[in-house]
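Encoded as structure tokens, the structure appears first; notes follow it.
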Amino acid sequence: MWNLSHVGPSSVHGLFIVMFKMNIILVVLIILIWIKWIYYRQRLLFPESLKDLVKCLSDKDSKLVANRSNCADIRALVVTAHPDDECMFFAPTIVKLVELKASVQVLCLSEGNYYSKGSLRKQELLDSCAVLGIPASDVTVVDHKNLPDDPKAEWRVSLVSSVLVKHIRAHSSNMVLTFDGRGVSDHANHIALHKAVSHLASSGQVPDDCCLLSLVTVSLFRKYLSFLELPLSWLLPSSLCCIIGLKGYRQAMAAMLCHRSQLLWFRYLYIMFSRYMIVNTFKEIPQGPRNLKIY
């Protein structure tokens, strides 16, 4: 034990301040080391998670996935509502899948014509996807009068479902990734996609070998913790967790910067602080029995 009887009050106060600062630094270092461990641990486990989700892989292909050398049998479809959703919300997943040589397609259900910039935003989407490693031939933008870019518009589940199931079957997709029931930002168009995918799942219209995943919406506090949110995403249960490092983050940021028409001041804050630029967590959407009729 330290004997502080001969030390003045001001010296004791200063000593406690120094000790407090040292403890803060120690805690920060422990958190940073933990985050780094999470990143490298997830980097190893991510291919195994894919293997568990995509049930159509053969034993031979499963070994390839486990060795991180090839994921060519994974045909992922990222379903978004607007140009910029692909990098604003799904960039970590796309970066990881492309890195593992999976086939990745983007299906965007609108041109993003809310401010009459549909053609410009479509080109920005193609540029963004190119940065993320997806060629223009694997990007589909739907321009339908009943699917407007409008937070007040109610997209019909039957229409969206019809578009989705045709695309899934045409491209033999075995993994579909879209928003959850809260749509990250509570945008009605995002939520409509989840309703449509859930409808396809519950009515048995999705092929048996197709895995359906919804992007987990987190609280506003967690949303803007940036990389400090990683321990929570790692600890909380999820079906799939995708984490990228500094190189992947720079790629995601470059993709976001392609959407110049959308780069208002608060978008830059989003790029800097949103955890969706670094980590995605997904929950699997359970599928119902085959050929179930919904009246």
Check residues 231-241 and write down every donor-acceptor pair under 3.5 Å in which the side-chain atom is one partner and the other belongs to a residue at least two apart or another chain.
| from | atom 1 | to | atom 2 | distance (Å) |
| --- | --- | --- | --- | --- |
| S233 | OG | E229 | OE1 | 2.5 |
| S233 | OG | E229 | OE2 | 3.0 |
| S233 | OG | R275 | NH2 | 2.7 |
| S239 | OG | E284 | N | 2.9 |

Anything under 3.5 Å between a donor and an acceptor, one on a side chain of residues 176-192, the other on a protein residue two or more places apart or in another chain? List them.
| from | atom 1 | to | atom 2 | distance (Å) |
| --- | --- | --- | --- | --- |
| T178 | OG1 | V79 | O | 3.0 |
| D180 | OD1 | R182 | N | 3.0 |
| D180 | OD1 | G183 | N | 3.0 |
| D180 | OD1 | T217 | OG1 | 2.7 |
| D180 | OD2 | T217 | N | 2.8 |
| D180 | OD2 | T217 | OG1 | 3.2 |
| H187 | ND1 | N189 | N | 3.1 |
| N189 | OD1 | H82 | NE2 | 2.9 |
| N189 | OD1 | D150 | N | 3.2 |
| N189 | ND2 | D150 | O | 3.1 |
| H190 | ND1 | G183 | O | 2.9 |
| H190 | NE2 | H82 | ND1 | 3.4 |
| H190 | NE2 | D85 | OD2 | 3.4 |

Testing the basics here: between [X] and [Y], what is the closest heavy-atom pair and its distance to 0.1 Å?
| X | Y | value |
| --- | --- | --- |
| V160 | A196 | CG1-CB, 3.4 Å |
| M277 | I271 | CG-O, 3.9 Å |
| F282 | C242 | CE1-SG, 4.2 Å |
| Q205 | S203 | NE2-OG, 2.8 Å |
| S110 | P83 | O-CD, 3.5 Å |

[atom1] of [X] to [atom2] of [Y]: how many Å apart, nearest 0.5 Å?
| X | Y | atom1 | atom2 | result |
| --- | --- | --- | --- | --- |
| R41 | L45 | CZ | CG | 4.5 Å |
| S261 | D84 | OG | CG | 8.0 Å |
| R267 | M256 | CZ | CE | 6.0 Å |
| L230 | I31 | CG | CD1 | 11.5 Å |
| L228 | I278 | CG | CD1 | 8.5 Å |

Next item on the list: Would you mind reporting whether L213 and C211 have side-chain heavy atoms less than 4.5 Å apart?
Entry: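 Yes, their side chains come closer than 4.5 Å.
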Next item on the list: Check whether any side-chain heavy atom of L193 sits under 4.5 Å from a side-chain heavy atom of W155, and report yes or no.
Entry: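 They are in side-chain contact.
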Donor-acceptor contacts under 3.5 Å from residues 133-142 side chains, at least two apart:
| from | atom 1 | to | atom 2 | distance (Å) |
| --- | --- | --- | --- | --- |
| D138 | OD1 | Q105 | NE2 | 3.4 |

Item checked: side chain to side chain contact (heavy atoms under 4.5 Å, CB included) evaluation trace for Y276 with F90 -> CA-CA 7 Å; Y276 288 99; F90 295 94; over 6 Å; no
Check: Between H194 and I285, is a side chain to side chain contact (heavy atoms under 4.5 Å, CB included) present by the stated rule, with each step listed?
Finding: CA-CA 9 Å; H194 177 75; I285 301 174; 4.1 Å; yes
Check: Is a side-chain donor or acceptor of S128 paired with a backbone partner of E124 at a separation under 3.5 angstrom?
Finding: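 The answer is no, because no donor-acceptor pair under 3.5 Å joins these two groups.
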Note to self: So, using side chain to side chain contact (heavy atoms under 4.5 Å, CB included) as the criterion, who are the partners of S219 when residues are at least two apart?
What the structure shows: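 S219 satisfies side chain to side chain contact (heavy atoms under 4.5 Å, CB included) with F221, R222 once adjacent residues are dropped.
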Note to self: Once salt bridge (charged side-chain N to carboxylate O under 4.0 Å, His left out) is applied, do any residues pair with E111, and if so which ones, sequence neighbours excluded?
What the structure shows: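 For E111 there are no salt bridge (charged side-chain N to carboxylate O under 4.0 Å, His left out) partners, ignoring immediate neighbours.
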Check: What residues, two or more places apart in sequence or in another chain, satisfy salt bridge (charged side-chain N to carboxylate O under 4.0 Å, His left out) together with D149?
Finding: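 Here the qualifying residues are R121.
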Note to self: Side-chain heavy atoms nearer than 4.5 Å, only ILVMFWY residues, links allowed to pass through others: does that put Y249 and I38 together?
What the structure shows: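 In one cluster: yes.
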Note to self: Tell me if the NZ atom of K223 is crowded by more than 12 foreign heavy atoms within 6.0 Å.
What the structure shows: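 Atom NZ in K223 is packed in, count exceeds 12.
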Note to self: Quick test of your reading of the model: are E99 and R43 salt-bridged, counting only N-O distances below 4.0 Å?
What the structure shows: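 Yes, E99 and R43 are salt-bridged.
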